[in-house]
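Note: hydrogens, waters and symmetry copies are ignored here, and every other heavy atom, side chains too, is used. Counting from 1, the numbers follow the sequence of the chain as shown. Counting convention: from 1, in listed order, for ligands and their atoms alike.
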Amino acid sequence: MAFLTHDELAGDPNRVFNVVGKLGEGSYGTVHKAMHVRTSQLCALKLIPADDVDDMEKEIGIMRGCESDYVVQFYGSWVWDRYLWIAMEYCGAGSVADVMRISGTTLREPQIAVICANTLHGLQYLHSRGKIHRDIKAGNILLTVNGAAKLADFGVAGQLSENNAKRTTVIGTPFWMAPEVIQEVGYNTLADIWSLGITAIEMAEGRPPYHKIHPMRAIFMIPTKPPPKLDNPSAWSDNFNDFIAKCLVKNPAQRPTAEELLKHPFITSAPGLSVLSETVSNVMDKIAAGALDDDEEEEEEEDDTPALGTMRLDETMKPVGRGPPAAAPSSSAAAAASTLPSPTSPTGHDEEDEFSSGTMQIAGTFRPQETMRVDSDTSHRPYQPAFMQYLQPQAPPQAPPATATATSVPPSPSTAQIDPRTALARLDRTIEMEVAAVHARYDAQRQALLLQIASEPDTN
Ligand SMILES: Nc1ncnc2c1ncn2[C@@H]1O[C@H](COP(=O)(O)OP(=O)(O)OP(=O)(O)O)[C@@H](O)[C@H]1O
């Protein structure tokens with residue numbers, strides 16, 4: 001990036017930046033608001049323990065290669081004092097999910113239209129370069145103080161090539177995942193369009209479809225149920241309902257591209273950015289008045305209610321997602337003066353605290369290093385997507401799912417007295433999931449065979 005010199009990108013970042021506040025925390029490290037001393041330009045600094053540098057290489061590579069008003073700009077990265085420092089464009093209002101959480105409201109239709117339009121521009125840019133974001137959701141769309149929306153978090157993004165025009169790795173965040181990603185039949189850039197449709201519902205209703213059910217159950221329902229719709233379609237315009245329906249076409253071959261959706265009337269009639277400015281400035285005021293502190297308290301109290309975009313599971317589940325909920329950005333940066341990571345605490349917070357409540361978040365991002373593919377030998381045991389093993393490492397093979405709901409803590413089978421009604425309800429759910437899994441496997445195998453037949457030369 002032009003404003004960071006070669007020397008600045010090689011030296012002590014503490015001399016180059018004034019870190020003024022912590023913006024949030026992801027699964028790899030912390031994000032801080034900082035001012036570039038020489039130019040007074042604000043930027044966001046992501047600090048990742050150097051041990052995880054390899055994991056970040058792809059994210060950096062994808063960000064570095066992007067030059068678009070609709071993608072968070074990468075300024076530079078370097079390793080200093082056991083941390084990888086990534087400097088990027090500062091988006092003062094945080095993510096769309098942050099804005100909804102802090103304002104305590106969902107978004108209005110014109111606001112959703114503007115964000116969808118910006119997101120589609122970003123997707124069109126990425127897709128035209130063969131890149132798939134793979135984790136589109138309100139938490140990964142950042143807003144500037146002007147209300148411009150930009151794509152962020154390329155941690156699980158993928159690159160298509162001429163030889164590899166489809167991907168099969170199951171990746172993303174369960175509620176937002178496209179059916180073809182879950183079915184492992186191969187997917188392309190159109191998977192992002194499905195996730196945008198889910199994100200549009202998330203912006204309108206505050207949560208994605210199926211948020212009330214266990215994410216793993218949602219994973220089985222997405223490919224087998226009809227596409228989700230808004231809860232109350234008549235409360236929204238025909239254009240908005242139709243836009244969602246177009247994004248949520250289950251067959252990716254019939255789903256429109258980002259370029260096509262930019263011509264949809266819901267998008268072409270989107271108003272200017274000013275429609276978001278009031279919400280953004282209210283959110284900034286609330287943060288200045290201490291909304292962030294209230295927000296954290298609320299999340300601690302409401303242990304049973306998943307925070308926006310956050311599903312908590314019991315500790316028998318391995319975390320494949322992010323750590324504690326991210327703090328939203330603060331305009332009162334001085335008040336929230338940042339603590340840079342100490343040698344004993346790589347992410348700048350007490351690690352003992354991280355999951356001390358006995359809960360773990362799952363509504364995070366499945367990490368690419370946890371390669372999630374179907375085991376090729378499925379002949380002698382019930383099918384389950386490969387990623388299940390990361391979520392139920394303690395369950396014996398073929399054991400029914402341990403949790404009935406996202407927030408309940410399952411009793412250990414060896415010690416608990418299980419009420420027969422509870423056991424029956426669990427059994428029903430288990431069978432339902434197994435049937436859904438068989439359907440998913442059948443669909444996947446059938447589709448692959450049909451494709452094979454279609455590609456055979458006609459011998460008649
Ligand atoms: N460029 C930025 N400008 C302003 N705030 C940012 C920026 N990047 C990140 N943030 C804030 O920091 C939080 C953490 O971001 P980060 O990318 O580390 O993690 P994440 O996307 O929330 O999670 P994960 O790393 O697990 O995918 C975000 O939720 C957002 O509130």
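Residue contact check: E25 has heavy atoms under 4.0 Å from atoms 13 (C), 14 (C) of ligand 1. Those atoms of ligand 1 with a heavy atom of D153 less than 4.0 angstrom away are 20 (P), 21 (O), 23 (O), 24 (P), 27 (O). For ligand 1, the atoms closer than 4.0 angstrom to any heavy atom of N140 are 21 (O). For ligand 1, the atoms sitting less than 4.0 Å from at least one non-hydrogen atom of M88 are 1 (N), 8 (N), numbered in the order shown with element in parentheses. Residue contact check: D98 has heavy atoms under 4.0 Å from atoms 30 (C), 31 (O) of ligand 1. Distances below 4.0 Å separate heavy atoms of A44 from the following atoms of ligand 1: 1 (N), 2 (C), 3 (N). Counting the atoms of ligand 1 from 1 in the order shown, those under 4.0 Å from a heavy atom of K46 are 16 (P), 17 (O), 18 (O).
Using modelled atom types, one finds a donor on one side chain and an acceptor on the other under 3.5 Å when comparing T30 with H32. For the residue pair T279 / Q111, a side-chain donor-acceptor distance below 3.5 Å is found, with atom types taken as modelled. Side-chain contact check for E202 and H211: no donor-acceptor pair (N or O, by modelled atom type) lies under 3.5 Å.
Neither the backbone nor the side chain of D135 comes within 4.0 Å of ligand 1, counting heavy atoms alone.
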Practice task
Decide yes or no on side-chain contact (heavy atoms from CB on, under 4.5 Å) for M35 and C43, but give the supporting numbers first.
Solution key: CA-CA 6 Å; M35 183 179 282; C43 64; over 6 Å; no

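Using a 4.5 Å heavy-atom threshold, the side chains of F266 and I112 count as touching.
For ligand 1, the polar-atom distance check against E89 finds a nitrogen or oxygen pair separated by under 3.5 Å. Where the criterion is an N or O separation shorter than 3.5 Å, residue side chain and backbone included, G94 fails it with respect to ligand 1.
Under the salt bridge (charged side-chain N to carboxylate O under 4.0 Å, His left out) criterion, E89 pairs with K150, sequence neighbours left out.
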What side-chain donor-acceptor pairs closer than 3.5 Å can you find for residues 191-200, not counting sequence neighbours?
residue : atom : partner : partner atom : Å
D192    : OD1  : R134    : N            : 2.9
D192    : OD2  : H127    : NE2          : 2.8
D192    : OD2  : H133    : N            : 2.8
W194    : NE1  : M177    : O            : 3.3
S195    : OG   : W176    : O            : 2.8
S195    : OG   : A191    : O            : 3.3
T199    : OG1  : S195    : O            : 2.7

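Of the listed options L23, L142, V99, I86, L142 places a heavy atom closest to atom 7 (C) of ligand 1.
Residue-environment remark: CD (E260) exceeds the threshold of 12 foreign heavy atoms within 6.0 Å.
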